Amino acid sequence: MKRYIGRVKNRLIKRSGLNNLHFHDLRHEAISRFIERGLTIPEAASISGHRTQSMLLRYAHPDLSYIKKKVMSF
């Protein structure tokens, strides 16, 4: 099963033209978007499997335009 998933993943990456895409890139993206959508750090950590907040925050890279829009709404 693992080999099949790897082949499918590689095929999709090749079709997309994103040759440097790795699973962890998707993990970074998902965690960042979860936090932007309002999930708390503990909620995002429970989804991602991180045991510590410091490890989770290594993956969170919120979009600066989103942060600016949120700050300007105050």
Side-chain angles (χ1 to χ4, degrees):
M1 180 69 158
K2 187 176 181 179
R3 288 175 54 190
Y4 173 75
I5 292 170
R7 286 195 314 258
V8 169
K9 177 194 72 129
N10 291 337
R11 196 174 318 133
L12 291 171
I13 289 171
K14 187 175 181 178
R15 285 183 190 172
S16 72
L18 302 171
N19 297 325
N20 279 338
L21 184 66
H22 302 281
F23 173 78
H24 274 84
D25 299 332
L26 301 176
R27 191 175 193 194
H28 283 253
E29 184 68 22
I31 292 168
S32 297
R33 298 313 139 233
F34 287 153
I35 292 171
E36 281 181 1
R37 299 284 186 201
L39 263 65
T40 64
I41 298 297
E43 290 168 338
S46 70
I47 292 169
S48 68
H50 290 100
R51 293 183 184 163
T52 65
Q53 180 176 334
S54 61
M55 282 304 293
L56 175 73
L57 293 177
R58 292 178 72 190
Y59 284 89
H61 307 288
D63 182 1
L64 293 179
S65 64
Y66 174 80
I67 293 170
K68 182 179 177 182
K69 186 186 296 184
K70 194 169 183 178
V71 168
M72 297 305 286
S73 70
F74 291 128

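Since the structure is predicted, the reported quantities are computational estimates derived from the model, not experimental observations.
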Distance (rounded to the nearest 0.5 Å) between Glu29 CD and Arg33 CZ: 4.0 Å
Output all residues satisfying side-chain hydrogen bond (donor to acceptor under 3.5 Å, both in side chains) with Thr40, sequence neighbours left out; order by chain, then residue number. Glu43
Under 4.5 Å between any side-chain heavy atoms of Arg58 and Met55, yes or no? yes
State whether the number of non-hydrogen atoms from other residues, nucleotides or ligands found under 6.0 Å of Arg27 atom CZ is greater than 12. yes
Distance (rounded to the nearest 0.5 Å) between Thr52 OG1 and Ile41 CD1: 11.0 Å
Shared hydrophobic cluster for Leu56 and Leu39 (ILVMFWY, side-chain gaps under 4.5 Å): no
Do Tyr4 and Leu12 share a hydrophobic cluster (ILVMFWY, side-chain heavy atoms under 4.5 Å, transitive)? yes
Once you round to the nearest 0.5 Å, how far does OG of Ser48 lie from CD1 of Ile35? 8.5 Å
Separation between CG (Leu18) and CG (Asp25), nearest 0.5 Å, reads 9.5 Å
